[in-house]
Amino acid sequence: QVQLAESGGGLVQAGDSLRLSCAASGLTFTMTSMGWFRQAPGKEREFVAAISRSGGSILYADSVKGRFTFSRENAKNTVYLQMNSLKFEDTAVYYCAASTTESGNLDSRRYAYWGRGTQVTVSS
């Protein structure tokens, strides 16, 4: 059974940093590309970042480029999203997702497995 467990969310002030983690189990992690998505209240889920199986290719949404860093540690079956210079508009539930494709994807439909999410709240 595939499980994705996010952690690291919380309440911070604008300008602060957070690091989200997502631990995966039940799959061959090195054969899995990963993604982060987020959903704010009243809005649709949106793409944040994606990373290829090897970690050599990373995609970011324009809204987070230069502030967020996506990385993976295959030895620990874990991915990380380092979020710096957080803004009020980054407030959302952040979801980790896994795909069997080699490259990361912006399209949420390419992800077969999803975590339950972790809340990030940024106060202005």
Side-chain angles (χ1 to χ4, degrees):
Q1 181 179 1
V2 176
Q3 290 189 331
L4 301 177
E6 303 98 334
S7 61
L11 172 62
V12 297
Q13 294 185 335
D16 286 350
S17 298
L18 276 176
R19 188 177 81 156
L20 304 183
S21 300
C22 173
S25 60
L27 46 72
T28 304
F29 193 67
T30 53
M31 297 299 290
T32 304
S33 60
M34 302 291 292
W36 284 99
F37 292 78
R38 67 186 182 186
Q39 187 166 19
K43 296 187 177 180
E44 293 186 354
R45 184 163 50 188
E46 66 173 2
F47 169 78
V48 176
I51 193 166
S52 62
R53 291 173 178 175
S54 68
S57 176
I58 304 173
L59 304 172
Y60 295 100
D62 288 344
S63 59
V64 307
K65 202 171 293 183
R67 299 187 299 121
F68 290 12
T69 302
F70 195 1
S71 61
R72 65 187 297 157
E73 190 169 358
N74 285 349
K76 294 186 176 181
N77 284 14
T78 300
V79 295
Y80 306 97
L81 185 68
Q82 178 67 42
M83 307 186 295
N84 297 331
S85 302
L86 282 162
K87 303 176 181 181
F88 174 76
E89 49 265 40
D90 293 320
T91 296
V93 177
Y94 283 71
Y95 297 92
C96 172
S99 171
T100 57
T101 60
E102 181 174 1
S103 299
N105 288 279
L106 284 70
D107 187 348
S108 63
R109 294 170 297 181
R110 302 299 298 274
Y111 293 85
Y113 307 103
W114 292 82
R116 294 187 175 186
T118 185
Q119 176 70 47
V120 172
T121 303
V122 184
S123 63
S124 59

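Just so it is clear, the structure is predicted and the values come from calculations on it, not from any experiment. By convention here, the first residue in the shown sequence is residue 1.
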Donor-acceptor list for residues 13-27 side chains, cut-off 3.5 Å, not counting sequence neighbours:
unit_1 : atom_1 : unit_2 : atom_2 : d
Asp16  : OD2    : Gln13  : N      : 3.1
Ser17  : OG     : Asn84  : OD1    : 2.9

_Rounded at 0.5 Å granularity, tell me how far OG1 in Thr121 sits from CG in Asp90._
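With rounding to 0.5 Å, OG1 (Thr121) is 11.0 Å from CG (Asp90).
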*To the nearest 0.5 Å, what is the distance between OG (Ser124) and CD (Glu89)?*
9.5 Å
Flag yes if [X] and [Y] sit in one hydrophobic cluster, no otherwise; membership is Ile, Leu, Val, Met, Phe, Trp, Tyr, and two members link when side-chain heavy atoms are under 4.5 Å apart.
X     : Y     : value
Ile51 : Tyr80 : no
Leu59 : Val79 : no
Val12 : Leu81 : yes
Leu86 : Tyr95 : no
Phe29 : Ile58 : yes

*State, without any angle test, whether Glu6 and Tyr94 hold a side-chain donor-acceptor pair at a distance under 3.5 Å.*
no
*Going through the distances and angles, do Arg38 and Ser63 end up as a side-chain contact (heavy atoms from CB on, under 4.5 Å)?*
CA-CA 12 Å; Arg38 67 186 182 186; Ser63 59; 3.5 Å; yes
Non-hydrogen side-chain atoms of [X] and [Y] separated by less than 4.5 Å:
X      : Y      : result
Thr69  : Tyr60  : yes
Leu4   : Met34  : yes
Ser123 : Phe88  : no
Thr91  : Gln119 : yes

*For side-chain contact (heavy atoms from CB on, under 4.5 Å), just list the numbers for Tyr111 and Phe37, CA-CA rounded to whole Å, side-chain angles, deciding distance to a tenth of an Å, and then say yes or no.*
CA-CA 11 Å; Tyr111 293 85; Phe37 292 78; 3.5 Å; yes
Donor-acceptor pair, [X] side chain versus [Y] backbone, under 3.5 Å?
X      : Y      : answer
Arg72  : Gly55  : no
Ser57  : Ser103 : no
Asp107 : Arg109 : yes
Ser33  : Thr101 : yes

*asked:* As a quick check of understanding, evaluate side-chain contact (heavy atoms from CB on, under 4.5 Å) for Val48 and Phe70, giving each step before the final call.
replied: CA-CA 10 Å; Val48 176; Phe70 195 1; over 6 Å; no
_Ignoring hydrogens, what is the shortest heavy-atom contact between Gly56 and Ser52? Give both atom names and the distance._
N-OG, 3.3 Å
*Could you name each residue pair satisfying salt bridge (Lys or Arg N to Asp or Glu O under 4.0 Å) that touches residues 115-124, not counting sequence neighbours?*
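Matches after skipping sequence neighbours: none remain.
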*Restricting to pairs with a member in residues 51-62, which pass salt bridge (Lys or Arg N to Asp or Glu O under 4.0 Å), not counting sequence neighbours?*
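The answer is Asp62-Lys65.
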*Can Met83 and Val64 be said to form a side-chain contact (heavy atoms from CB on, under 4.5 Å), step by step?*
CA-CA 8 Å; Met83 307 186 295; Val64 307; over 6 Å; no
*Atom OH of Tyr113: over 12 foreign heavy atoms under 6.0 Å*: no
*Taking everything shown except Arg45 itself, do over 12 heavy atoms lie less than 6.0 Å from its CZ?*
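Buried by this count: over 12 neighbours within 6.0 Å.
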